[in-house]
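Read the numbers this way: they start at 1 and go in the same order the structure lists the ligands and their atoms.
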Amino acid sequence: MAIKRLLICTRGEIACRIIRSAKELGITTIVVHSGPDKASLAAQYADVTYDLKEAHASKTYLNKEAIIQAALDTQADAIHPGYGFLSENVEFAKMVEAAGLIFIGPDYQTIKKMGDKSEAINTAIAAGVPVVPGSNGQLNEDELLSIAEKIGFPLLIKASSGGGGKGISLVNSQSELTEKLAMAKREAIASFADDRMYLEKYITKARHIEVQILGDGDNVVHFFERDCSVQRRRQKIWEEAPAVCLPETTRQKMCESAVKLASSVHYRGAGTVEYLYDEDNDEFYFIEMNTRIQVEHPISEQICRVDLIKEMIQIAVGKPLALKQQDIKYNAHAIEVRINAENVYKSFFPCPGKIESINWPKGIGVRVDEGIYSGYQIPPYYDSLIAKLIVTGRNREEALSRLQRALTELSIEGIDTTIPLFTALSNEKVIQSATFHVNWLENWLTGWLAAQNRLTEQTEV
Ligand code: ADP
């Protein structure tokens, strides 16, 4: 069976990204959008649009029934959820299947198994994949308290249903534990309607390294790893592929363990197996798996010369993987920076508004995945990611100088963006030497922002 009409139930740059691959496959693209997104780039690129009229995500991009209805009304035969919104929603994947439609992603049982963080950890243990020392999944409160003593401090309390950097709290000592656990539970109930918790040893100076995989239910292949250690509030803002800090034998072991984990659940679709890497003792630990396409997927596409969205679509219709592991190689380095409509000098406060003009960088090795255009009014209701700048070079040095060059060409007028931060970062020694870890950016930002504010004050005087 082939997909003729694909409904895309997400927005922004990823909706445009999916449209591009689907069109190349000769598929008619349908975008279901909110009222304010009527003028979006995705709505302009799509062959067919379906307006849900409302603005709020709960009534649009999170409205399962309305999206399925849109698919039926437009005679779609498949749905691509992108990332965020309903992409890892078990109930939605189940409803899509029940409506006789193809869900571009794993089946709902796999999303359930791997999407629940504590259950995924147990699956990893069973597959022989190393995990962070911790409570090995969710336990009752008394058990958690006694295990905390064994793990030692600092440690992290994590919500089983957490995601997007939320549902994680740091505990420095035994005396803080009971109170922080209660607080974490209250927050988890409010955010995820689920207060199951587990504990993990806090790895200081960890690197966040993740492996891109594709599975067809029988075979799994990997597309090497990405280093996503440059984070603010546990959210990635700058990503690279490959991770230059990894010794070759560790890279192989990590990628093989990701394949082993995905194979153990007969994984079908695109997925990411996330690890923390402790550089001091060259150990890596599984932390979670994402059962969808990720924001940072383009850097893996760039170095491996593969279109992951096309592969996802082919797998969803039951085609076997077109690629064999021995055919997947890389001899390049790619860097992605996330351009958000935010004011970096004002605590990254979102600043939606009208884009007056844009100059996209061009030239060899430059890719832009965007969801905006000149004259576009960014609606205030959704995530602030507006575009991604992706550069590729023969090696890291070339990619970095290409990024610096591309940033001098890039301008987005009318709103504040994270571009000035990337210009500063690309000239920073720690970035240039790739010696960052997950807590590095937060500390660096404090100093950088103070210096920027001093500069502004001086100019004002
Ligand atoms: P989410 O699902 O919210 O993205 P993750 O479990 O993937 O949560 O963790 C997000 C980030 O939090 C990681 O990239 C890392 O920076 C930090 N982190 C998570 N677990 C640990 C740990 N055990 N020790 C140190 N940092 C951690």
**Study point:** Nitrogen or oxygen atoms of Lys201 and ligand 1 under 3.5 Å apart
**Key:** yes
Check your understanding: For atom 17 (C) of ligand 1, which candidate among Lys166, Arg234, Glu274 holds the nearest heavy atom?
Key -> Arg234
Exercise for review: Starting from atom 13 (C) of ligand 1, find the nearest protein heavy-atom neighbour and note its residue, name and distance.
Suggested key: His208 ND1, 3.8 Å
Study note, to complete from the structure: Closest to atom 7 (O) of ligand 1 among protein heavy atoms sits Glu288 OE2, 2.7 Å
Review point. What is the ring orientation for Trp440 with Phe436, classed by angle as parallel under 30°, tilted 30 to 60°, or perpendicular over 60°?
Key: tilted
Practice item. Could you tell me whether Ala206 and ligand 1 have an N or O pair separated by under 3.5 Å? Key: no
Exercise for review: Please determine, by modelled atom types, if Ser118 and Asp116 share a side-chain donor-acceptor pair under 3.5 angstrom.
Suggested key: yes
Review point. Just checking, any donor-acceptor pair under 3.5 angstrom between side chains of Tyr382 and Ser34?
Key: yes
Exercise for review: Could you check if a side-chain atom of Glu119 sits within less than 4.5 angstrom of a side-chain atom of Lys113, using non-hydrogen atoms only?
Suggested key: yes
Practice item. Classify the contact between Thr204 and ligand 1 as side chain, backbone, both or neither, using a heavy-atom distance cut-off of under 4.0 Å. Key: neither
Review point. Is there a donor in the side chain of Glu240 and an acceptor in the side chain of His333, or the other way round, less than 3.5 Å apart?
Key: yes
Check your understanding: Quick one: ring pair (Phe, Tyr, Trp, His ring centres under 6.0 Å) partners of Phe85, sequence neighbours excluded?
Key -> Tyr61
Practice item. Looking only at protein heavy atoms, identify the closest one to atom 3 (O) of ligand 1 and say how far it is in Å. Key: Gly165 N, 2.5 Å
Practice item. Note the single closest protein heavy atom to atom 8 (O) of ligand 1, along with its residue, its atom name and the distance in Å. Key: Lys117 NZ, 3.1 Å
**Study point:** Residues that Ser257 engages under side chain to side chain contact (heavy atoms under 4.5 Å, CB included), provided they are two or more places apart
**Key:** Val129, Tyr275, Phe284
Revision key, fill the gap. When distances are taken from atom 9 (O) of ligand 1, the protein heavy atom at minimum range is Ile168 CD1, 3.7 Å
Point to revise | Mode of Lys236 contact toward ligand 1 - side chain, backbone, both, neither (heavy atoms, under 4.0 Å) | key: neither
Check your understanding: For residues Ser300 and Arg226, is any side-chain donor paired with an opposing acceptor at under 3.5 Å?
Key -> yes
Review point. Where does Ile203 meet ligand 1, judged by heavy-atom distances below 4.0 Å: at the side chain, the backbone, both, or neither?
Key: both
Exercise for review: Report yes if Gly164 has an N/O atom closer than 3.5 Å to an N/O atom of ligand 1; otherwise report no.
Suggested key: yes
Point to revise | Note, Leu155 side chain near Leu177 side chain (heavy atom, < 4.5 Å) | key: yes
Exercise for review: Would you please determine whether Gln235 falls within less than 4.0 Å of ligand 1 on a heavy-atom basis?
Suggested key: no
Exercise for review: Measure the distance from atom 18 (N) of ligand 1 to every protein heavy atom, then report the residue, atom name and distance (to 0.1 Å) of the closest one.
Suggested key: Leu156 CD1, 4.1 Å
Review point. If you measure only the distance, is there a donor-acceptor pair under 3.5 Å linking the side chains of Gln302 and Thr392?
Key: yes
Check your understanding: What's the shortest distance from atom 20 (N) of ligand 1 to any protein heavy atom, and which residue and atom give it?
Key -> Lys158 NZ, 2.8 Å
